[in-house]
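Structure first, commentary second.
FYI, side chains are in, hydrogens and waters are out, and symmetry mates aren't considered; it's all heavy atoms of this structure.
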Protein chains: 2
Amino acid sequence: MTVVRNTRQKQAVLQALRTTRTHPDAAWIHTEVRRELPSISLGTVYRTLEALVQGGVALTIERAGQATRYDFKHGEHHHHAVCQSCGAIFDIEVPRLPVAALPGGFQVADVRVEFHGVCEGCQTK
Amino acid sequence: MTVVRNTRQKQAVLQALRTTRTHPDAAWIHTEVRRELPSISLGTVYRTLEALVQGGVALTIERAGQATRYDFKHGEHHHHAVCQSCGAIFDIEVPRLPVAALPGGFQVADVRVEFHGVCEGCQTK
DNA sequence: CTACTTGCAAAGATTTTGCACCTCA
DNA sequence: TGAGGTGCAAAATCTTTGCAAGTAG
């Protein structure tokens, strides 16, 4: 049977993701983690992030043509507001959704709400 | 001043997107449209889809590592349920969201709700 | 020990772009 | 006719993978 091992690489990636509020992408995390583990590869970062997402520890925010951003699940269920101009991502609190009619038998694992628009900074430009 | 021209290619892409309920990706649309316009290029399909999204006529559904899916905005504001197993996308009706506290001055252009889970077909496998 | 992980580099996949030619208005 | 649009192919990005070597348990 497969046992998941606790490696320095995994610890470092998790730590990097946990200690930032900037919703980083894989490349950013790679750069960050390399300060501690100079030889860690980008491939490993991707593999670890994928595992964190599968494990329900992190979630992803995807934007067409741009790198996937990762977000550590801090406590509460939160959602995101994405600035279409500068790409900044803000955390948003949204009341639990009244889940309406879903297709017969669809088993919901996760609900994701994204507000797309323009942040204050970009409006004044 | 720039005038948007009405070309055979744009008509064909719009038509293809409008007459399907399958939330296709660019490659699928390219194949489909080539039945009418055998020489249309994938680049043009991308450029046209991008224009439709910018024009508010279509919207995108993004999934990590997979091709962006496009959706023609049929009448009502609807959302999506994405099967994590087979990738199928279903249309969902969701009551208008009570927009809670957004970051100061964030101007919302669009709210997107995605249910992620497993569809009925994939559960019985 | 040995099965799981990693680093590396190459492969894949998706999407964007430069440019010369074409065509709608 | 001329500003946009298109086709083509190359480039840019982002992400995944095969494999030999490393290492946690």
Side-chain angles (χ1 to χ4, degrees), chain A residues 1-17 22-55 57-71 82 84 87 89, chain B residues 1-17 22-55 57-71 82 84 87 89:
Chain A
M1 173 198 166
T2 28
V3 177
V4 176
R5 289 186 190 162
N6 182 23
T7 64
R8 217 161 296 151
Q9 288 83 345
K10 287 176 187 165
Q11 288 172 17
V13 169
L14 178 55
Q15 152 96 359
L17 192 57
T22 60
H23 311 88
D25 59 19
W28 188 94
I29 292 174
H30 184 217
T31 305
E32 183 67 15
V33 165
R34 262 204 287 199
R35 300 196 314 189
E36 278 300 309
L37 284 171
S39 69
I40 191 173
S41 71
L42 183 54
T44 294
V45 171
Y46 270 109
R47 278 184 285 231
T48 305
L49 288 171
E50 170 61 16
L52 292 176
V53 171
Q54 290 303 316
V57 176
L59 48 82
T60 58
I61 307 165
E62 285 130 41
R63 293 240 286 152
Q66 289 172 54
T68 298
R69 312 276 285 265
Y70 295 84
D71 185 16
V82 182
Q84 297 170 326
I89 296 172
Chain B
M1 172 198 171
T2 26
V3 177
V4 175
R5 288 187 192 162
N6 181 24
T7 64
R8 218 161 294 154
Q9 287 85 344
K10 287 177 186 166
Q11 288 171 18
V13 169
L14 178 55
Q15 152 95 357
L17 191 58
T22 60
H23 311 88
D25 60 19
W28 189 94
I29 293 174
H30 185 216
T31 305
E32 183 65 16
V33 165
R34 261 203 288 200
R35 301 198 312 191
E36 279 298 311
L37 285 171
S39 69
I40 191 174
S41 72
L42 183 55
T44 294
V45 170
Y46 271 108
R47 278 184 284 230
T48 304
L49 288 171
E50 169 62 15
L52 291 176
V53 170
Q54 289 304 316
V57 175
L59 47 82
T60 60
I61 307 165
E62 285 130 42
R63 292 239 288 151
Q66 289 174 52
T68 298
R69 311 277 283 267
Y70 294 83
D71 185 18
V82 182
Q84 297 170 326
I89 297 173

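- Atom OG1 in B/T44 sits 4.5 Å away from atom CZ in B/R47 (nearest 0.5 Å).
- The distance between atom CD of B/E62 and atom C1' of C/dA13, rounded to the nearest whole Å, is 16 Å.
- Between D/dG7 and B/T44, a contact under 4.0 Å exists linking OP1 or OP2 to a side-chain N or O.
- Atom CG of A/L49 and atom C1' of D/dC14 are 13 Å apart (whole Å).
- Note: B/Q84 CD to B/R63 CZ = 7.0 Å, rounded to the nearest 0.5 Å.
- Annotation for B/L42 and B/H30: closest pair N-NE2, 3.4 Å, computed over non-hydrogen atoms.
- OP1 or OP2 of D/dT15 sits under 4.0 Å from a side-chain N or O of A/T68.
- A side-chain contact (heavy atoms from CB on, under 4.5 Å) with B/L17 is found for one member of B/L49, B/T48, B/V33, B/D71 and no other, namely B/L49.
- In this entry the distance linking CZ of B/R63 with P of C/dT15 reads 13 Å, nearest Å.
- The side chain of B/Q9 contributes an N or O atom lying less than 4.0 Å from OP1 or OP2 of D/dG7.
- When heavy atoms are screened at a 4.0 angstrom cut-off, B/N6 is found touching the sugar-phosphate backbone but no base atom.
- Between A/T7 and D/dT23 there is no side-chain polar atom (N or O) within less than 4.0 angstrom of OP1 or OP2.
- Look at A/R8 and you'll find a side-chain N or O under 4.0 angstrom from OP1 or OP2 of D/dA24.
- For the pair B/R47 CZ and C/dT17 C1', the computed distance is 8 Å after rounding to whole Å.
- Between A/Y46 and D/dT15, a side-chain N or O to OP1/OP2 separation shorter than 4.0 Å is present.
- If you take CZ of B/R5 and P of D/dT6, they are 10 Å apart, rounded to a whole angstrom.
- Taking the nucleotide of DNA chain C with the nearest heavy atom to each of A/S39 and B/D25, the more 5' of the two is matched to A/S39.
- Here the side chain of A/A67 is nearest to one of C/dT14, D/dT15, C/dC4, namely D/dT15.
- Summarising the geometry of B/H23 relative to B/I61, their closest heavy-atom pair is CD2-CD1, 3.9 Å, with the distance given to 0.1 Å.
- Distance, A/K10 NZ to D/dA24 P: 11 Å, rounded to whole Å.
- With rounding to whole Å, B/E50 atom CD is found 17 Å from D/dT6 atom C1'.
- Put simply, CG on A/L42 is 14 Å from P on D/dT13, counting in whole angstrom units.
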